[in-house]
Amino acid sequence: MGGTARERLLEELSTVSRRSMASYALLNQAAADHLGLHPTDLQCLNLLTLEGGPVTTGRVAELTGLTTGSATRLVDRLERAGYVVRKRDAADRRRVLVATVPERIAEFRRLWDGLGGGWVALFEDLDDSQLRLLIDHMRRAAEFGASQVERLRGGEPRGVS
C-alpha cells in the first residue's frame, strides 16, 4: 500500500469504479433477463426513453455506438419484443422513425422504478455541492465511456487512455 495519499486514493477510486461498473452490468443483465431482452437492447430502450420522441435507426446507432447494421438488428429485436414500432416520418415520408410503444415503456419504467426505489435515499445525506460533483462525475464518466467505446470499435483495443 505504498505511494502518496493521492496515489492511494486514485487506486481506491479505480477499484471502486470497477466494482461499481461490474455491479451495474450484472444488474443490467438481471433486468434484461426479467424483461426477456438482451442487455444492449435494454440500454438502447433506456436511451430511447431519454430522447423525447421517435428517432431514426441512424440515431439509434449514434446512441449505442453500434454500426447501422447492428442498430437495425437491435431495432428488429425491440420491435419483435413489442417495445418499439417503425413508422413513417410525417414530415418526410421517405424517412422511417423508431417510436417506443407507451404500454411497453410503462412496463419498462415500472421495473426501473422498482429497482431504483432506494436510489434517492443514497444521496439524502449529501449537500447540493456534493450532488453537483456527482452529476459532473457521472457526465464525465459517461462521455469518457462513449469515447472508449468509439476507440475500441475503431480497432484500438490496446493502450486506451
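Please read all numbers here as calculations on a predicted model, not as lab measurements.
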* **side-chain contact (heavy atoms from CB on, under 4.5 Å) between Val60 and Thr72, worked out** => CA-CA 8 Å; Val60 170; Thr72 296; over 6 Å; no

* Asked: Between the side chain of Arg104 and the main-chain N/O of Ala81, is any donor-acceptor distance below 3.5 Å?
  -> yes

* Apply salt bridge (charged side-chain N to carboxylate O under 4.0 Å, His left out) to Arg140 and Asp136, showing your working. => CA-CA 6 Å; Arg140 290 170 58 191; Asp136 182 57; 3.5 Å; yes

* **Intermediate values then yes/no, side-chain contact (heavy atoms from CB on, under 4.5 Å), Leu111 and His34** => CA-CA 9 Å; Leu111 173 67; His34 183 80; 3.7 Å; yes

* **side-chain contact (heavy atoms from CB on, under 4.5 Å) evaluation trace for Val75 with Arg86** => CA-CA 9 Å; Val75 170; Arg86 287 179 169 98; 3.3 Å; yes

* Linked, directly or transitively: Val101 and Leu45 (ILVMFWY side chains, under 4.5 Å) -> no

* Asked: Would you call Leu78 and Cys44 a side-chain contact if the rule is heavy atoms closer than 4.5 Å?
  -> yes

* If two hydrophobic side chains count as joined below 4.5 Å and joins carry through other members, does Leu63 share a cluster with Val85? -> no

* Asked: Can you tell if the side chain of Phe108 reaches within under 4.5 Å of the side chain of Leu37, non-hydrogen atoms only?
  -> no

* How close do Pro39 and Gln29 get, heavy atom to heavy atom, and via which atoms? -> CG-OE1, 3.1 Å

* Atom pair CG (Leu42) and CG (Asn28), whose distance is rounded to the nearest 0.5 Å -> 5.0 Å

* Are the side chains of Tyr83 and Leu48 in touch, meaning some heavy atoms are under 4.5 Å apart? -> no

* Asked: Are Met138 and Leu27 grouped together when hydrophobic residues (ILVMFWY) are joined by side-chain heavy atoms under 4.5 angstrom apart?
  -> no

* To do: Just do the salt bridge (charged side-chain N to carboxylate O under 4.0 Å, His left out) check on Arg59 and Glu62 with the steps written out, would you?
  => CA-CA 5 Å; Arg59 179 66 180 144; Glu62 290 172 12; 3.0 Å; yes

Can you give the donor-acceptor pairs under 3.5 Å from side chains of residues 14-23 to other protein atoms, not counting sequence neighbours?
residue : atom : partner : partner atom : Å
Thr15   : OG1  : Glu11   : O            : 3.1
Ser17   : OG   : Leu13   : O            : 2.8

* To do: Please confirm whether the backbone N or O of Asn46 pairs with a side-chain atom of Thr49, one donor and one acceptor, at under 3.5 Å?
  => yes

* Set of salt bridge (Lys or Arg N to Asp or Glu O under 4.0 Å) partners for Glu7, sequence neighbours left out -> none

* Asked: Is there side-chain contact between Gln43 and Thr64, with heavy atoms separated by less than 4.5 Å?
  -> no

* Asked: Are Asp127 and Arg132 within salt-bridge range, i.e. N to O under 4.0 Å?
  -> no

* Non-hydrogen side-chain atoms of Lys87 and Val96 separated by less than 4.5 Å -> no

* Asked: Roughly how far, to the nearest 0.5 Å, is the CD1 atom of Ile105 from the CH2 atom of Trp112?
  -> 12.0 Å

* Classify the ring geometry between Trp119 and Phe123 as parallel (under 30°), tilted (30 to 60°) or perpendicular (over 60°). => perpendicular

* Roughly how far, to the nearest 0.5 Å, is the CG atom of Leu66 from the OG1 atom of Thr40? -> 7.0 Å

* What's the verdict on salt bridge (charged side-chain N to carboxylate O under 4.0 Å, His left out) for Arg73 and Asp41, showing C-alpha distance, side-chain angles and the deciding distance? -> CA-CA 10 Å; Arg73 289 187 294 279; Asp41 299 1; over 6 Å; no

* Within one Ile-Leu-Val-Met-Phe-Trp-Tyr cluster: Leu133 and Leu9, side-chain cutoff 4.5 Å -> no

* Test log, rule side-chain contact (heavy atoms from CB on, under 4.5 Å), inputs Thr4 and Arg8 -> CA-CA 6 Å; Thr4 67; Arg8 288 191 303 274; 5.7 Å; no

* Salt bridge present between Arg93 and Asp89 (N-O < 4.0 angstrom) -> no

